[in-house]
Amino acid sequence: MIPGMNPKQLKNMQRQMKKMGMDMKEIDGVQEVIIRCDDKDLIISPADVSLMTVMGQETYQVTGTAVEVEKEIEIPAEDIEMVANTAGVSAADAEEALRETGGDLAEAILKLNS
């Protein structure tokens, strides 16, 4: 639960937590935890996860080393076609401009026309 804590200290801490209406337990068998954000994922592997319950509210504690993975933006074919037709460029150039602008149609068209 807590690194470097001897078993006697751990028992005392658990007793005190129980008196305060707190319960904490390890979740076994966790291989990894993924936190999904708008622009990236945080992957924590291997992960140690603890569940603490205080007055009916659950809180998860995750420990481990996180690795950031950038998300690949999905560009709809209709957007690529519209940018390509409007800017007078190939679909490949339109898709590249859309990726560089984070999928912003107007910005991609302006970028291709400048």
S.K.: Pair Glu26, Val49 - check side-chain contact (heavy atoms from CB on, under 4.5 Å), show working.
M.R.: CA-CA 6 Å; Glu26 296 289 321; Val49 180; over 6 Å; no

S.K.: Heavy-atom distance under 4.5 Å between the side chains of Met82 and Glu78, does that happen here?
M.R.: no

S.K.: Can Lys111 and Glu107 be counted as an ion pair, charged N to O under 4.0 angstrom?
M.R.: no

S.K.: Between the side chains of Thr53 and Glu58, does any donor sit under 3.5 Å from an acceptor?
M.R.: no

S.K.: For Asp23, enumerate each residue passing the side chain to side chain donor-acceptor pair (under 3.5 Å) test, keeping only those at least two apart in sequence or located in another chain.
M.R.: none

S.K.: Would you check, one step at a time, whether the test side-chain contact (heavy atoms from CB on, under 4.5 Å) holds for Met52 with Lys25?
M.R.: CA-CA 7 Å; Met52 183 174 8; Lys25 60 183 173 188; over 6 Å; no

S.K.: Would you name the heavy atoms of Ala94 and Ala84 that are closest together and state the gap between them?
M.R.: CB-N, 3.6 Å

S.K.: Working to the nearest 0.5 angstrom, can you tell me the gap between Glu74 CD and Asp79 CG?
M.R.: 12.0 Å

S.K.: Does anything in residues 37-57 form a salt bridge (Lys or Arg N to Asp or Glu O under 4.0 Å)? List the pairs, not counting sequence neighbours.
M.R.: Arg36-Asp41, Lys40-Glu68, Asp41-Lys71

S.K.: Who pairs with Glu96 by side chain to side chain donor-acceptor pair (under 3.5 Å), at least two apart in sequence or on another chain?
M.R.: none

S.K.: Between OG of Ser45 and CD of Gln31, what distance do you get to the nearest 0.5 Å?
M.R.: 8.0 Å

S.K.: Leu10, Met24: one ILVMFWY side-chain cluster at the under-4.5 Å cut-off?
M.R.: yes

S.K.: Which pair of non-hydrogen atoms, one from Ala47 and one from Val62, has the smallest distance, and what is that distance?
M.R.: CB-CG1, 4.3 Å

S.K.: Go through it in stages, so that I can follow the logic: the residues are Leu98 and Ile80, the test is side-chain contact (heavy atoms from CB on, under 4.5 Å), and I'd like the CA-CA distance, side-chain angles, deciding distance and then a yes or no.
M.R.: CA-CA 8 Å; Leu98 282 164; Ile80 295 170; 3.9 Å; yes

S.K.: With a 4.5 Å heavy-atom cut-off, do Leu112 and Val83 have their side chains touching?
M.R.: yes

S.K.: Could you check if a side-chain atom of Ile27 sits within less than 4.5 angstrom of a side-chain atom of Tyr60, using non-hydrogen atoms only?
M.R.: yes

S.K.: Quick one: does Ile43's side chain get under 4.5 Å of Val69's, heavy atoms only?
M.R.: yes

S.K.: Working note: Lys11 + Lys8, criterion side-chain contact (heavy atoms from CB on, under 4.5 Å); need CA distance, chi angles, decisive distance, verdict.
M.R.: CA-CA 5 Å; Lys11 272 289 196 209; Lys8 188 174 182 177; 5.8 Å; no

S.K.: Decide whether Val30 and Ile35 are clustered together by the hydrophobic rule: side chain heavy atoms of Ile, Leu, Val, Met, Phe, Trp, Tyr closer than 4.5 Å, transitively.
M.R.: yes

